[in-house]
Amino acid sequence: MSPTHRGPSSERLAVGVLASGRGSNLQALLDACAAPDFPARVVVVISDREHAPALERARAAGVEAVWVSPKDFVSRESFDLALVHELEKRQVGLVCHAGFMRILSAAYVQAFAGRALNIHPSLLPAFPGLHAQRQALEHGVSVSGTTVHFLEEGVDTGPIVLQAAVPVLPGDTEETLAARILVEEHRLYPAAVRLFAENRLEIVGRRVLIKDSSKEGR
Ligand code: GAR
């Protein structure tokens, strides 16, 4: 299955970003998109938290910022369908979850099958869910890292696009490990979005094949 559904390659891919908090990964994506040769642009940032710094970052970059309050909906499913509506209204070709701390229902996942990415601060499938860095320290691993993967039902599962490893050092705290991982996240997420936008990702079963750019168009 090819995960992209886009128009001519000259168009920049329209990306929607979902973020609940600080938004440093959003910022990395916004910064990457500011380069004229980057093949994607962020068209909307949506948050479930009214005062998420991510929304401020969007506004500062001149990108539409939308707060969708979960309290306005009777169920998780109806909230998720509102997200689908907001994203489809803007015709996004890709959704990037960047610290969006909610579990999405089946209808949402199906709406964006093969068109939604998530970033997580561990080498999945190790340490999904909350406090990935704490889990890594508790397990005494000497290497952790970050993963960008296609979204699936389930918490932090789905075909892996890119991973980056970082060492866990003696004396690390959750904070120092998180900061070291974050440096890699900010590099990795734009790289994954570029690959998607260049039509170079193919989902084959549980795996993602990265097609060689030199073979494009053959
Ligand atoms: C990032 O470390 C991201 O990997 C993580 O939340 C942080 C958001 O930071 N996501 C998850 O844990 C998803 N399970 P940011 O708001 O500064 O981008």
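Note that ligands are numbered from 1 as they come in the structure, with each ligand's atoms numbered from 1 the same way.
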Pick whichever of Ile103, Ile119, Thr146 has a heavy atom sitting closest to atom 10 (N) of ligand 1. Ile119

Could you tell me whether His97 approaches ligand 1 through its side chain, its backbone, both or neither, with non-hydrogen atoms closer than 4.0 Å? neither

Does Gln27 come within less than 4.0 angstrom of ligand 1, counting non-hydrogen atoms of the residue? no

Mind checking the NE2-CG spacing from His186 to Asn25? Nearest 0.5 Å is all I need. 4.5 Å

Distance-only, no hydrogens or angles: does the Ser47 side chain make a donor-acceptor pair with backbone N or O of Ala52 under 3.5 Å? no

Do Glu77 and Asp80 have side chains that approach each other closer than 4.5 Å (heavy atoms only, starting at C-beta)? no

Any N or O of Gly23 closer than 3.5 Å to N or O of ligand 1: yes

Does His120, backbone or side chain, put an N or O under 3.5 Å from an N or O of ligand 1? yes

Looking only at non-hydrogen atoms, the one of Gly99, Ala52, Ser24 nearest atom 15 (P) of ligand 1 is Ser24

Leu162 and side-chain contact (heavy atoms from CB on, under 4.5 Å): which partner among Leu201, Thr147, Leu195? Leu195

Can you report which non-hydrogen protein atom sits closest to atom 9 (O) of ligand 1, along with the distance? Arg22 NH2, 3.1 Å

Arg102 charged N/C atom sitting above Phe79 aromatic ring, 6.0 Å / 45°: yes

Val183 reachable from Val168 in the ILVMFWY side-chain graph, under 4.5 Å edges: no

Can you name the atoms of ligand 1, numbered from 1 with element, that are less than 4.0 Å from a heavy atom of Asp156? 13 (C), 14 (N)

For ligand 1, is Pro121 a contact, meaning one of its heavy atoms is under 4.0 Å away? yes

In Å and rounded to the nearest 0.5 Å, what is the CG to OG distance from Leu83 to Ser78? 10.0 Å

Polar proximity ligand 1 side, Asn25 side, N/O cut 3.5 Å exclusive: yes

Does ligand 1 have a heavy atom under 4.0 Å from the side chain of Ile181, from its backbone, from both, or from neither? neither

Atoms in ligand 1 flagged as close to Leu182, the criterion being non-hydrogen separation under 4.0 Å: 2 (O)

Between Phe112 and Tyr108, what is the ring plane arrangement, given parallel below 30°, perpendicular above 60°, and tilted in between? tilted

Glu152 and Arg206 ion-paired at < 4.0 Å: yes

At what distance is the nearest protein heavy atom to atom 4 (O) of ligand 1, and which residue and atom is it? Glu185 OE2, 2.6 Å

